[in-house]
Amino acid sequence: MFVEEENNKRRSYGSIFVYCFFCVVLVVGIVRFAKPYDNLRQNLMEAEAVVEEGFFDVKNSGKPPCQSSRSRSVSDPAHNHEKLTAPAWVYRELPPTSYCVKFESFATMMKQVNDGKYESRPFSVGGHTWSLLLYPNGNKQDRAPAGYMSAYVRIHNSSLTTSDVYAEIKFFFYSKTQDKYNTLVDNVPKRFHMITNPEWGMPNLYHLPTFLAPQNGFVFNGGQSVFGVDVFVTPPFKNWEVFSNEENIRDPFLDWNLPLFSTRYRDSYTSGSFSSGGRDWVLKVYPNGAGHATGNHLSLYLLSASNETHYVQAKLRVLDQIRFTHLEKQVEGWPNATTENGWGYDKFVPLADIKNATKGFLVNDTLKVEVEILSFSKTDFFSV
Ligand SMILES: *[C@@H]1O[C@H](CO)[C@@H](O)[C@H](O)[C@H]1NC(C)=O
Ligand SMILES: *[C@@H]1O[C@H](CO)[C@@H](O)[C@H](O)[C@H]1NC(C)=O
Ligand SMILES: *[C@@H]1O[C@H](CO)[C@@H](O)[C@H](O)[C@H]1NC(C)=O
Ligand SMILES: *[C@@H]1O[C@H](CO)[C@@H](O)[C@H](O)[C@H]1NC(C)=O
Ligand SMILES: *[C@@H]1O[C@H](CO)[C@@H](O)[C@H](O)[C@H]1NC(C)=O
């Protein structure tokens with residue numbers, strides 16, 4: 001007779017597929033000023049509007065990026081029993097995870113249901129109740145080709161959600177000769193709706209004479225057979241990130257004075273943190289050089305105060321206080337992970353030049369360094 005075995009349930013995801021995402025997005029009006037840099041840096045701190053973290057800027061649409069522009073139907077309810085033209089069957093060792101039905105005698109069951117269906121007892125997956133329907137002689141109402149078995153999965157209307165439910169469906173039948181489960185490669189989630197689209201399945205599941213052929217081992221031990229199904233309810237889309245470049249930086253400059261420079265004996269000095277483009281940064285100076293530069297060069301770096309690993313484009317400078325110009329080196333790239341020194345140069349300027357009074361780097365024993373941040377990458381996270 002009919003024996004049913006409930007297997008482990010997997011993937012118990014949230015029950016409701018949210019088909020309308022309303023992203024609460026404020027677009028911050030942005031007025032950008034192109035502000036050419038001059039050496040005397042007047043009026044540098046002119047405020048520019050900046051895009052706040054957590055909000056899209058005007059370049060991005062106010063929608064989750066992975067959402068279908070078609071808001072609902074993936075499959076037309078009128079063709080809910082869609083046909084796969086070229087099903088690819090594979091053998092899998094892992095048994096079906098949602099439900100199994102074992103027929104002690106496939107032939108007896110086939111005779112009993114005749115042109116109708118065998119419907120399994122309800123089983124629960126992903127917060128919904130389902131059943132497996134098997135038409136051993138084909139579902140003629142769904143235009144099953146002659147000589148084919150049909151199989152369907154039906155969502156029950158017991159839980160009171162009226163949303164669409166999407167689930168990946170895999171049908172299985174066991175082969176005794178392979179000791180594996182024959183199944184179809186198809187990972188496209190199918191749409192279910194309790195009222196308008198409660199079933200999805202395949203009228204042309206498998207060729208019955210091939211199924212019955214003894215050498216395939218689908219009918220074994222004097223007539224037994226095992227069918228199974230995986231129902232993986234896909235959870236609603238929730239989280240995403242947007243990677244972009246921030247190029248119109250508010251407050252791009254930091255000037256940092258190091259007085260009493262010749263008396264600084266520590267390896268390195270780090271500035272107070274400053275905010276630029278909505279991120280926090282620091283400057284770091286090694287008066288006597290870092291690494292290979294020790295003893296011959298001054299080392300200068302820009303660091304992220306919050307250890308962010310942006311792609312950064314910036315200009316680092318040591319100011320010539322006599323001629324009101326500067327020595328400048330540009331950095332561009334991801335931070336240097338090997339040194340934890342961010343973006344910069346071990347050999348920024350020779351110590352001989354620092355000490356050479358005619359260069360103007362040290363005036364009144366004060367060193368002045370500066371950074372101008374040109375752009376940095378950012379990743380914004382969103383959640384519905
Ligand atoms: C569920 O379906 C059964 C028949 O399939 C029907 O009698 C019943 O009213 C339905 N319940 C709901 C809540 O739609
Ligand atoms: C950044 O990293 C340094 C060293 O790895 C650590 O001491 C510091 O606490 C970190 N800062 C933040 C904000 O995570
Ligand atoms: C990182 O720092 C090391 C040691 O100073 C240096 O050799 C290397 O070139 C740096 N890498 C980058 C990408 O700046
Ligand atoms: C200092 O720099 C000037 C050029 O700027 C150079 O002519 C002079 O030789 C340097 N002095 C020393 C001691 O290196
Ligand atoms: C150096 O310091 C003295 C006294 O503090 C001051 O008079 C002078 O203007 C300073 N020079 C520069 C170039 O800042």
Side-chain angles (χ1 to χ4, degrees), residues 33-46 48 247-277 279-305 310-376:
F33 299 94
K35 190 156 284 292
Y37 173 66
D38 77 59
N39 289 335
L40 297 177
R41 299 173 307 284
Q42 278 140 3
N43 305 320
L44 294 178
M45 302 310 169
E46 180 96 26
E48 291 185 3
E247 280 167 0
N248 298 284
I249 308 291
R250 179 180 57 182
D251 301 341
F253 292 98
L254 171 74
D255 291 290
W256 183 31
N257 295 346
L258 292 100
L260 305 175
F261 188 73
S262 60
T263 67
R264 289 177 184 256
Y265 53 88
R266 277 170 25 206
D267 279 354
S268 68
Y269 292 84
T270 303
S271 73
S273 102
F274 70 104
S275 178
S276 176
R279 297 292 190 277
D280 290 327
W281 314 83
V282 293
L283 283 171
K284 193 171 182 184
V285 162
Y286 289 73
N288 197 37
H292 294 308
T294 306
N296 55 67
H297 281 75
L298 175 134
S299 310
L300 176 60
Y301 309 93
L302 170 72
L303 280 77
S304 163
H310 304 306
Y311 188 98
V312 167
Q313 214 188 354
K315 289 175 172 171
L316 290 165
R317 302 182 179 117
V318 173
L319 303 189
D320 174 346
Q321 302 164 55
I322 295 174
R323 281 168 289 269
F324 299 108
T325 174
H326 50 248
L327 173 75
E328 175 182 285
K329 291 192 177 181
Q330 183 154 342
V331 290
E332 173 160 4
W334 305 99
N336 193 328
T338 55
T339 62
E340 293 180 356
N341 272 335
W343 306 263
Y345 291 86
D346 296 350
K347 298 187 175 181
F348 195 87
V349 50
L351 292 178
D353 287 358
I354 298 283
K355 289 168 188 148
N356 187 333
T358 67
K359 300 281 189 190
F361 295 137
L362 270 186
V363 171
N364 274 3
D365 205 20
T366 297
L367 183 82
K368 295 190 173 184
V369 295
E370 180 183 274
V371 62
E372 178 186 2
I373 295 176
L374 303 176
S375 74
F376 58 84

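In what follows, residues are counted from 1 in the order of the sequence shown. Atoms within each ligand, like the ligands themselves, are counted from 1 in listed order. The figures that follow rest on heavy atoms only: side chains count, while hydrogens, waters and symmetry mates do not.
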Task: T358: numbered ligand 4 atoms lying under 4.0 Å from its heavy atoms - done: 1 (C), 2 (O), 3 (C), 5 (O)
Open item on the list: Checking a contact table here: which protein heavy atom is nearest atom 4 (C) of ligand 4, and how many Å away?
Closed with: K359 NZ, 3.9 Å
- [ ] Around atom 9 (O) of ligand 4, find the nearest protein heavy atom and jot down its residue, atom name and distance.
- [x] N356 ND2, 4.7 Å
Open item on the list: Do S262 and D365 pair up side chain to side chain, a donor and an acceptor below 3.5 Å, judged on atom types alone?
Closed with: yes
TODO: Would you check if there is a donor-acceptor pair between the side chains of D346 and Y301 at a distance under 3.5 Å?
DONE: yes
Open item on the list: Can you check atom 2 (O) of ligand 4: any protein non-hydrogen atom closer than 4.0 Å?
Closed with: yes
Open item on the list: Against the six-membered ring of F376, is R279 placed for a cation-pi contact (under 6.0 Å from the centre, within 45° of the normal)?
Closed with: no
Task: H310 and W281 aromatic ring geometry - parallel, tilted or perpendicular at 30°/60° bounds - done: tilted
